[in-house]
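Proteins come first, then strands; the chains are lettered A, B, ... in the order of their sequence lines, and each starts at number 1. Quick caveat, the model's predicted, so the values are computed rather than measured.
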Number of protein chains: 2
Amino acid sequence: MARRRQAVTIKHVAADAGVSLQTVSRVVNKESGVRPGMMARVQASIDKLGYVPSIAAQRMGGSRSYLILALNDRERTIADWRARQGTDWFDQMMLGGMLTCAEHGYRLIVELVDTHSDHIERELLAAIAALQPDGVILTPPHSGNPLIINLLEAQGISFARIGSLTEGPGIRLIMDDTRAAAIATEHLVELGHTRIGFIAGPAEYELSTWRVEGWRAAMAAAALAADDLLAVGDFSHASGRAAAAHLLALRDPPTAIIASNDQMTLATLELARERGLVVPDDLSLVSFDDTPIIRLAHPPLTAISQPIAEVTAQAVNLIIADRSSGPAITMPVTVLASLMIRHSTGRARRL
Amino acid sequence: MARRRQAVTIKHVAADAGVSLQTVSRVVNKESGVRPGMMARVQASIDKLGYVPSIAAQRMGGSRSYLILALNDRERTIADWRARQGTDWFDQMMLGGMLTCAEHGYRLIVELVDTHSDHIERELLAAIAALQPDGVILTPPHSGNPLIINLLEAQGISFARIGSLTEGPGIRLIMDDTRAAAIATEHLVELGHTRIGFIAGPAEYELSTWRVEGWRAAMAAAALAADDLLAVGDFSHASGRAAAAHLLALRDPPTAIIASNDQMTLATLELARERGLVVPDDLSLVSFDDTPIIRLAHPPLTAISQPIAEVTAQAVNLIIADRSSGPAITMPVTVLASLMIRHSTGRARRL
DNA sequence: CTGAAAGCGCTAACAG
DNA sequence: CTGTTAGCGCTTTCAG
């Protein structure tokens with residue numbers, strides 16, 4: 001391939017408009033202090049020549065790179081892609097992230113990182129050195145990782161932490177999982193359920209805890225006992241099945257179960273069916289995440305829908321705004337999740 | 001945000017190793033002609049300081065940008081994301097593309113482009129000027145677009161065209177849709193079907209035509225008439241339903257239908273059910289694409305599975321290899337699709 | 001308000 | 001084999 005050079009540079013524009021490079025730069029960057037007439041003339045040349053600044057050169061000149069890095073968990077992301085189960089967390093992130101970046105002239109670059117790895121710092125530092133992104137979006141389970149957070153802080157890069165409330169630097173965004181779990185629980189309480197089981201996710205995800213808390217709080221508010229109704233999974237189908245088996249084997253089994261993600265809920269549905277339990281007649285089910293598959297389940301599952309696209313869009317907006325360094329954002333930004341009522345929840349059987 | 005500078009540059013390494021910048025550059029780029037001892041010394045400094053070259057600077061220096069651009073159809077991509085139906089074309093592309101890029105130290109950047117737009121050239125030129133990618137991956141329906149192809153050729157950027165056989169520059173990769181459609185048809189012929197309907201996709205996608213051809217050829221090979229058994233859709237659920245309705249309303253309706261994508265097949269399944277037709281007893285169904293949802297359909301659908309990840313991985317490999325400009329790749333590269341036999345196909349009813 | 005100069009980190013030439 | 005010299009395209013100083 002031939003060595004390529006920028007087709008039309010700021011020089012060409014400057015020559016065409018008969019002004020200095022500097023003036024063109026000012027117009028391009030919308031800096032104040034350029035006379036309207038001059039500005040129009042330069043803009044005309046830009047349009048005429050189809051000039052677009054090179055981000056590499058912009059970056060070299062010491063300004064922004066117009067790149068935002070999204071850090072996703074390598075293992076989980078690849079596993080989801082390979083499994084082809086329709087999990088669309090990643091897609092929703094792209095939907096919110098890419099489009100919002102584009103609106104501001106930024107690009108989103110995804111980087112898969114291994115949270116458990118001990119050379120995570122090296123990996124991240126390498127990505128930062130290579131790309132010099134203007135911002136970083138941390139997704140679970142990276143969002144609370146102190147190694148990552150401190151490193152980013154030290155580098156002076158603005159970053160957003162999706163789904164983490166852990167104290168520390170960075171813009172925090174959450175989907176109010178606690179409230180969401182409470183809403184799910186309340187929905188079941190209203191349907192007359194008194195024994196509502198909960199299958200939690202792994203503790204490594206902060207949101208696992210929040211969801212448990214929301215359920216606990218709602219149970220307490222309804223004066224219902226929760227103690228023996230908690231089981232823990234790791235978001236996998238198998239773990240969900242085991243957790244469901246545990247709950248259904250209780251002396252006084254639940255008539256409704258909330259599971260912390262779709263896979264585990266589906267596993268519960270499967271197990272219930274095998275045991276001859278009809279959903280929702282014998283057992284009501286509420287899921288978390290609202291991944292595509294659960295709409296196609298039989299029956300379609302009632303679920304808490306995560307506003308991932310919206311949260312990611314917000315993250316991008318806040319990162320970009322953060323650059324123009326006003327007062328730092330310290331309070332967590334909350335985006336509400338909603339309960340999609342479908343057909344896996346129904347009135348509790350009378351005893 | 002504070003103005004950031006590269007933490008450790010080639011200068012630091014040069015100083016630390018006590019050599020010139022150039023020598024460091026040679027080691028970093030694995031150029032030949034550096035004495036082993038020198039090389040080791042420089043490498044030691046690089047590791048010690050954790051030096052990673054800035055791609056912006058590398059690009060400015062006139063070398064590669066280590067960026068590969070994937071061009072996807074804006075409208076369809078966003079629609080798929082919003083629909084949350086589990087379509088994972090995009091994910092599979094990332095799986096193959098991102099991971100392969102990473103293996104070579106490249107990054108994949110996704111750009112959504114409007115094929116129908118008249119300013120597509122401006123958009124593309126802008127993306128190229130801004131990013132200066134080393135390569136571009138074209139996905140349907142861009143892959144055959146002459147505007148795009150010629151522009152890329154003129155820019156001297158190596159690019160891969162996934163799913164296009166249109167003559168012209170660029171590395172062509174296909175999944176052998178013709179063969180795939182033939183395989184699907186043969187499968188049905190073997191099951192005793194003689195009336196096999198086909199629902200084609202829109203002509204704007206080259207693969208629509210290939211699939212029809214494969215079906216036609218296989219029908220002819222089995223001495224079966226195909227003429228009245230072709231219906232056309234546009235990949236949407238509604239169009240699939242209409243096409244299916246047309247086929248089922250024939251005087252001599254098909255006992256098996258192959259539809260060119262999952263949505264249309266699902267629409268056909270739905271319509272069949274409404275009309276009291278049992279799949280596969282009364283009607284066999286073969287789908288194309290093998291998106292997650294069809295595994296969850298009732299019954300799970302037999303389908304042609306597209307090796308999207310593999311094709312994209314190949315595309316990246318070939319683009320990167322193309323740089324070291326050997327003889328250009330002119331023949332289309334083929335990756336085979338496979339038939340996933342599930343439960344929507346069965347023996348034809350005896351008449 | 002505008003221009004001229006210097007440099008960002010790196011690589012391609014050319015020397016030695 | 002290694003070092004030196006120019007830029008790449010842009011933005012920051014700082015002058016006018």
Side-chain angles (χ1 to χ4, degrees), chain A residues 1-42 46 49 51-67 105 126 128-132 134 323, chain B residues 1-42 46 49 51-67 105 126 128-132 134 323:
Chain A
M1 232 51 286
R3 213 158 135 322
R4 279 172 302 102
R5 243 206 224 49
Q6 190 80 337
V8 25
T9 74
I10 198 170
K11 273 186 188 164
H12 301 138
V13 178
D16 184 86
V19 298
S20 72
L21 297 188
Q22 214 20 248
T23 304
V24 178
S25 176
R26 286 186 180 113
V27 172
V28 168
N29 296 304
K30 300 180 175 46
E31 280 171 31
S32 58
V34 178
R35 218 169 309 175
M38 180 104 288
M39 187 155 191
R41 184 145 57 97
V42 172
I46 289 175
L49 302 177
Y51 167 71
V52 176
S54 148
I55 67 164
Q58 287 186 135
R59 177 56 247 183
M60 287 305 297
S63 88
R64 287 168 282 178
S65 65
Y66 293 98
L67 258 25
I128 291 173
L131 263 11
Q132 297 178 225
D134 293 336
R323 196 194 63 82
Chain B
M1 230 51 290
R3 210 157 138 323
R4 280 173 300 102
R5 241 205 225 51
Q6 190 79 338
V8 26
T9 74
I10 198 170
K11 274 187 188 163
H12 301 134
V13 177
D16 184 84
V19 298
S20 74
L21 297 188
Q22 212 23 246
T23 303
V24 178
S25 175
R26 285 185 181 112
V27 172
V28 167
N29 296 304
K30 298 179 179 46
E31 281 172 30
S32 58
V34 178
R35 217 171 306 178
M38 179 105 287
M39 188 155 190
R41 183 145 58 98
V42 173
I46 290 175
L49 302 177
Y51 167 70
V52 175
S54 148
I55 66 165
Q58 286 186 136
R59 176 57 247 180
M60 288 306 295
S63 89
R64 288 167 280 177
S65 65
Y66 293 97
L67 258 26
I128 290 174
L131 262 11
Q132 297 179 227
D134 293 335
R323 194 195 62 82

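The distance between atom NE2 of H12(A) and atom C1' of dG9(D), rounded to the nearest whole Å, is 10 Å. The NZ atom of K30(B) sits 16 Å away from the C1' atom of dT11(C) (whole-angstrom rounding). In this structure, M60(B) places its CE atom 14 Å from P of dG7(D), rounding to the nearest Å. Here the C1' atom of nucleotide dG9(C) and the CG atom of L131(A) are 15 Å apart, to the nearest Å. Rounding to whole angstrom units, CZ of residue R64(A) and C1' of dT11(D) are separated by 12 Å. The interatomic distance linking E31(A) (CD) with dC1(C) (C1') rounds to 12 Å, in whole Å. The interatomic distance linking R41(B) (CZ) with dC1(D) (P) rounds to 15 Å, in whole Å. Look at CD1 on I10(A): it is 12 Å from C1' on dT12(D), rounded to the nearest Å.
With dT11(D), dT11(C), dC10(C) as the candidates, the nucleotide lying closest to the side chain of Y51(B) is dC10(C). Closest to the A57(B) side chain, of the nucleotides dC10(D), dT2(D), dG9(C), is dG9(C). Of the candidates dT11(D), dC1(C), dC10(C), dC10(C) carries the atom nearest the P53(B) side chain, counting heavy atoms from C-beta on. Nearest nucleotide to the K11(A) side chain, out of dT11(D), dC8(D), dC8(C): dC8(D). Closest to the N29(A) side chain, of the nucleotides dC8(D), dT11(D), dC8(C), is dT11(D).
Shown are V42(A), V8(A), L49(A); of these, the side chain to side chain contact (heavy atoms under 4.5 Å, CB included) with D16(A) is made only by L49(A).
R26(B) contributes a side-chain N or O that forms a donor-acceptor pair with the base of dG3(D) under 3.5 Å.
Under a 3.5 Å cut-off, the side chain of R26(B) and the backbone N or O of E31(B) do not form any donor-acceptor pair.
As judged by a 4.0 angstrom heavy-atom cut-off over every strand, V28(A) is placed among residues making no nucleic acid contact.
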Given the rule in the side-chain contact (heavy atoms from CB on, under 4.5 Å) test, do Q58(A) and I55(A) qualify, once you have shown the distances and angles that lead to the verdict? CA-CA 5 Å; Q58(A) 287 186 135; I55(A) 67 164; 3.8 Å; yes
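Residues V8(A) and M38(B) both approach DNA chain D. Their nearest nucleotides, taken by heavy-atom distance, put M38(B) toward the 5′ side. The residue among S32(B) and T9(A) whose nearest nucleotide of DNA chain D is located toward the 5' end is S32(B).
Here R35(A) contributes atom CZ and R41(A) contributes atom CZ; the two are 10.0 Å apart, rounded to the nearest 0.5 Å. Distance check: L131(B) CG to R59(B) CZ gives 11.0 Å after rounding to the nearest 0.5 Å. Taking OG of S54(A) as the reference point, atom CE of M60(B) lies at 6.0 Å (rounded to 0.5 Å).
Sorted by residue number, the members of residues 16-25 of chain A with any non-hydrogen atom under 4.0 Å from DNA chain C read V19(A), S20(A), Q22(A), T23(A).
Taking every heavy atom of both residues into account, T23(B) and M38(B) meet most closely at CG2-CG, 3.8 Å.
OP1 and OP2 of dC10(D) both lie 4.0 Å or more from every side-chain N or O belonging to Q58(A).
I10(A) is listed as a side-chain neighbour of S25(A), based on a closest heavy-atom distance under 4.5 Å.
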